[in-house]
Protein chains: 2
Amino acid sequence: MGFDRLIKRIQETGNPSVVGLDPKLDYVPSFIKEKHFKENGMTLRAAANAIREFNFALIDALYDMVPAVKPQAAYYEMYGYEGVRVLTETIAYAKSKNMFVITDGKRNDIGATMEAYATAHLGCVSVGTETLEPFGADALTVNGYLGTDGIRPLLRICAEKDKGIFVLVKTSNPSSGELQDRKIGEDTVYDVMGDMCETWGADQIGEFGYSAVGAVVGATYPEQLRELRVRLPHTFFLVPGYGAQGGGAAGVAAAFDQNGLGAIVNSSRGIMCAYQKEMDCPEADFAGAARREAIRMREDLCSHIK
Amino acid sequence: MGFDRLIKRIQETGNPSVVGLDPKLDYVPSFIKEKHFKENGMTLRAAANAIREFNFALIDALYDMVPAVKPQAAYYEMYGYEGVRVLTETIAYAKSKNMFVITDGKRNDIGATMEAYATAHLGCVSVGTETLEPFGADALTVNGYLGTDGIRPLLRICAEKDKGIFVLVKTSNPSSGELQDRKIGEDTVYDVMGDMCETWGADQIGEFGYSAVGAVVGATYPEQLRELRVRLPHTFFLVPGYGAQGGGAAGVAAAFDQNGLGAIVNSSRGIMCAYQKEMDCPEADFAGAARREAIRMREDLCSHIK
């Protein structure tokens, strides 16, 4: 219920971080790419298979100390349906290693169609007399611009299958304020969205006090993080923007409650591409570099959280 | 430039409508499903291939008189990567028949990731020395909640490759007002989003006066349609909600300008499932029923537009 499964993994690993798997082909070491180009030519299939090998090696290097991965759907769609196949395989592999999987898709639509997205990413679909799981993630990021009837189908699946969602509230990008910071009476647009998260989650609060409806709040806006942590006591935060986007651990600490819970912090490129930044790191040690950076990040976060 | 290619197809066919290809398996006639279950069992692959056969037959029946199709990504994702393969094949087939293809994905993310979505759905990706087109649609629906840097990567691809986007402004669902109708000063949230569309499109205005940045405005809110048509003179409208959702042609007429241009009206289930509603229509005539309904819709729309 709520995000209990995720929170327990965070406690077991002592690590409130999630690794974003956003695999541009540029991030994949050349020796992996060359191998797959040899097998399948310079095709979408080869690109996708190279990404699979990269992802699987990262998961192998991280699963015992990182509680969750967050594959970003855009980077898989960029390699067509072969890329989407590898998204499916990455989700399954991470789950087999006991990681909590958040598909970052920011999906949104009206009720009937949102039902299809919910089924696709978190649920099961009927085909004849069979019931099949298309993607099988544990949680999905969504955009609440369409209001309650775009969220309701997700709530049903969260309750039935112990899944979660993260609704965009205050995003980490520079222009997020153009709409999100505008004032609706005394509140901002992101306040209103945050309040809707509290409402949507009210019936599904888990043992740690957090509901199945989380919020995305960027590390790059620490004041808003602090303000929203107080305003949204039952809403678990997914915090992007640490590291590469400029958010630091001191600011991010505001996302956590007095028990050191309530948020998970994402790093994507910082961990996937650690081998490109580490001095004298051979390409072949890309997974080792990712692990070293993940350890550094865990220590950085934990030293700032109560 | 702008939506000129689409507008010319609308003029050639005398038909400002778009058929939504939102293929739940329930919509596919049994004889098609049975055939594919026999070939591949009750699998995601069989479901996807059944949908492909259904879509291709609908396209064959409609391409000479309907200017555009709008596949809804959710219904393909619901059948996993096999479904996404069929989305790709449906886009290619519709384009081969000279239809304008709008992928309804309502994608949104921060700049670097939106770049990946833009590349995936409208652009080309580099793999080694090859340049490949992952999905190849003509236009994509997007959600502007994240502001300008989530839209900018799309604008570049629109300019380079003569593509378009439709930004969610006022959606057709019952709860769209929860956020979209809230007041920011004198304006509503959807007014502010609409104004951003005018700004984003200002450098890419085509020969009919419409930019490459369109807006989604629901048929179920005719007053807002009328108001936005005046407020957003360079923004082409994609109007969902006609038919099954309750929007009528009289209300929808407000989406059009004095030249009878400026909008395209979507019907999905109404056309795809026409064979289930038409009296005594045999399943085998599903494509004929779709065509008859598309003709009825064209006449209904045209009789209400100046």
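Proteins get letters first, then strands, A, B, ... in listed order; numbering begins at 1 in each. Only heavy atoms go into these numbers, but all of them, side chains included; no hydrogens, no water, no symmetry mates.
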How close do [X] and [Y] get, heavy atom to heavy atom, and via which atoms?
X      : Y      : answer
B:Y81  : A:F135 : N-CZ, 4.3 Å
A:G147 : B:S175 : C-OG, 3.5 Å
A:L168 : B:N108 : CD1-OD1, 3.3 Å
A:V169 : B:Y145 : O-OH, 2.9 Å
A:L132 : B:M42  : CD1-O, 3.7 Å

Using a strict cut-off of less than 4.0 Å between a Lys/Arg side-chain nitrogen and an Asp/Glu carboxylate oxygen, indicate whether A:E77 and B:R107 qualify as a salt bridge.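 Salt bridge flag = yes for B:R107 with A:E77.
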Tell me, for [X] versus chain B, whether the close heavy atoms (under 4.5 Å) come from the side chain, the backbone, both or neither.
X      : value
A:A112 : both
A:K183 : backbone
A:M114 : neither
A:L146 : both
A:Y117 : both
A:S268 : neither

Start with the C-alpha gap between A:F37 and B:E130, add the side-chain angles, then the distance that decides, and say whether side chain to side chain contact (heavy atoms under 4.5 Å, CB included) holds. CA-CA 11 Å; A:F37 289 169; B:E130 297 290 321; over 6 Å; no
Name the option with the most non-hydrogen atom pairs under 4.5 Å to chain B; the candidates are [options].
options                        : answer
A:S172, A:A120, A:G123         : A:A120
A:H121, A:E115, A:E133, A:Q180 : A:Q180
A:D149, A:V84, A:T171, A:T43   : A:D149
A:K24, A:K33, A:Q72            : A:Q72

At what distance, to the nearest 0.5 angstrom, does [atom1] of [X] lie from [atom2] of [Y]?
X      : Y      : atom1 : atom2 : result
B:L179 : A:L179 : CG    : CG    : 7.0 Å
B:T188 : A:I184 : OG1   : CD1   : 10.0 Å
B:N173 : A:R152 : CG    : CZ    : 10.0 Å

Evaluate the side chain to side chain contact (heavy atoms under 4.5 Å, CB included) criterion for residues B:Y75 and A:T113: first the C-alpha distance (whole Å), next the side-chain angles of each, then the deciding distance (0.1 Å), finally the verdict. CA-CA 7 Å; B:Y75 292 96; A:T113 303; 3.3 Å; yes
Donor-acceptor side-chain pairing of A:T148 and B:E178 below 3.5 angstrom: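 Per modelled atom types, A:T148 and B:E178 side chains form a pair under 3.5 Å.
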Step-by-step side chain to side chain contact (heavy atoms under 4.5 Å, CB included) determination, A:V189 to B:R182: CA-CA 9 Å; A:V189 167; B:R182 299 294 294 270; over 6 Å; no
Looking at chain A, which one of [options] has the largest number of heavy-atom pairs inside 4.5 Å, strictly under?
options                      : result
B:D109, B:T88, B:L87, B:T129 : B:D109
B:G185, B:G80, B:A50         : B:G80
B:V192, B:T141, B:V86        : B:V192

Test side chain to side chain contact (heavy atoms under 4.5 Å, CB included) on A:Y79 and B:V125 and set out the steps. CA-CA 7 Å; A:Y79 301 99; B:V125 66; 3.7 Å; yes
